[in-house]
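Shown next, in structure tokens, is the structure this report addresses.
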Amino acid sequence: MSVHINAKKGDIADTILLPGDPLRAKYIAENFLEDVTQYNEVRNMFGYTGTYKGKRISVQGTGMGVPSISIYINELMNEYGVKNLIRVGTCGAIQKDVEVRDVVLGMSASHDSNTNNKLFGPITFAPTADFDLLATAYNKATSKGLNVKVGNVFTADWFYDEKNNNDQLAEYGVLAVEMESSALFTLAKKYDAKALSILTVSDHIITGEATSSEERQTSFVDMMEVALDTAVEFASK
Ligand SMILES: O=P(O)(O)O[C@H]1O[C@H](CO)[C@@H](O)[C@H]1O
Ligand SMILES: O=c1cc[nH]c(=O)[nH]1
């Protein structure tokens with residue numbers, strides 16, 4: 001048992017999906033996994049383990065923002081030996097050719113979080129996804145015929161930020177804005193684990209087009225299938 005996860009050693013698979021929304025974790029467990037057990041309900045941050053296509057996979061809500069996901073991924077890697085971490089999140093598009101409901105694979109994560117400044121001091125570390133996970137997810141997505149985009153995402157500390165630099169970020173090729181990937185990529189490297197962010201565009205920051213909160217919990221099935229089909233290639237059992 002760790003501080004925020006009420007699971008025994010061995011309850012959590014070495015390969016895990018990480019939605020910010022715990023109800024998205026519940027949806028994935030109920031609709032995609034077989035032989036599911038719930039291992040965590042501390043703070044209603046639900047965690048489940050089951051099988052998908054015969055492989056043992058877990059899914060754990062992380063909450064919103066760098067501090068929250070950092071707590072969960074530290075405990076998952078340190079206390080439970082998790083090795084392959086795939087975020088299944090939502091993001092806001094900032095490029096005209098990235099559309100609502102598109103799937104975005106985060107290859108790198110620029111950010112405005114102070115956590116990496118504390119870790120690295122004067123060095124600007126570039127949080128980067130694991131290439132093997134990224135290549136596998138890309139192949140799974142394109143073989144499903146998805147309109148997948150791959151590139152740099154921006155991990156923001158502020159959700160409501162009137163002074164954000166979306167225009168500049170877009171000019172420099174950033175695809176979309178979310179709130180966790182830089183911490184996931186940074187900490188996974190520290191603990192010699194593999195990490196990737198698979199995101200669905202839930203809203204478009206330029207056009208204002210948006211999805212409902214129910215759709216954000218339950219309907220981004222393309223992303224969930226790409227993540228699970230990728231996860232099974234890396235799960236050890
Ligand atoms: O849908 P999730 O995975 O929570 O991701 C996005 O949604 C939340 C903001 O609404 C932030 O956590 C952001 O990263
Ligand atoms: O963090 C997020 C997630 C979705 N949409 C946004 O604008 N920001």
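Every value quoted in this text rests on a predicted model; they were computed, and no experiment measured them. Counting starts at 1 for both ligands and their atoms, following the listed order.
Relative to atom 6 (C) of ligand 2, the option among Ser202, Gly92, Gly65, Gly89 with the closest non-hydrogen atom is Gly92. When Arg87, Met64, Glu178 are ranked by how near their heavy atoms come to atom 8 (C) of ligand 1, first place goes to Met64. Here the shortest heavy-atom distance to atom 7 (O) of ligand 2, taken over Asp203, Leu199, Val201, belongs to Asp203.
Counting non-hydrogen atoms of neighbouring residues, nucleotides and ligands closer than 6.0 angstrom, the CG atom of Asp192 reaches no more than 12 such neighbours.
Between the side chains of Asn147 and Lys149, at least one donor-acceptor pair of N or O atoms lies under 3.5 Å. Using modelled atom types and a 3.5 Å distance limit, the side chains of Glu75 and Ser2 yield a donor-acceptor pair.
Where the criterion is an N or O separation shorter than 3.5 Å, residue side chain and backbone included, Gly63 fails it with respect to ligand 1. For a threshold of 3.5 Å applied to N or O pairs, the pair formed by Met179 and ligand 1 contains at least one separation below that value.
Proximity to Met179 (heavy-atom distance under 4.0 Å) selects the following atoms of ligand 2: 1 (O). Distances below 4.0 Å separate heavy atoms of Ile205 from the following atoms of ligand 2: 7 (O). Applying the 4.0 Å criterion to heavy atoms of Val177 picks out, from ligand 2, the atoms 1 (O), 2 (C), 3 (C), 8 (N).
For atom 7 (O) of ligand 1, the nearest protein heavy atom (residue, atom name, distance) is Thr90 OG1, 3.2 Å. The protein atom (non-hydrogen) at minimum distance from atom 4 (O) of ligand 1 is Gly20 CA, 3.4 Å. For atom 10 (O) of ligand 1, the closest heavy atom belonging to the protein is Phe159 CE1, 3.6 Å.
Counting heavy atoms under 4.0 Å from ligand 2, residue Cys91 touches it through the backbone alone.
One finds no salt bridge joining Lys140 and Asp229 here, because no Lys/Arg side-chain nitrogen approaches an Asp/Glu carboxylate oxygen to under 4.0 Å. Classification of Glu178 and Arg87 as a salt-bridged pair holds, one side-chain N sitting under 4.0 Å from a carboxylate O.
The backbone N or O of Glu41 sits nowhere less than 3.5 Å from a side-chain atom of Asn6 that would complete a donor-acceptor pair.
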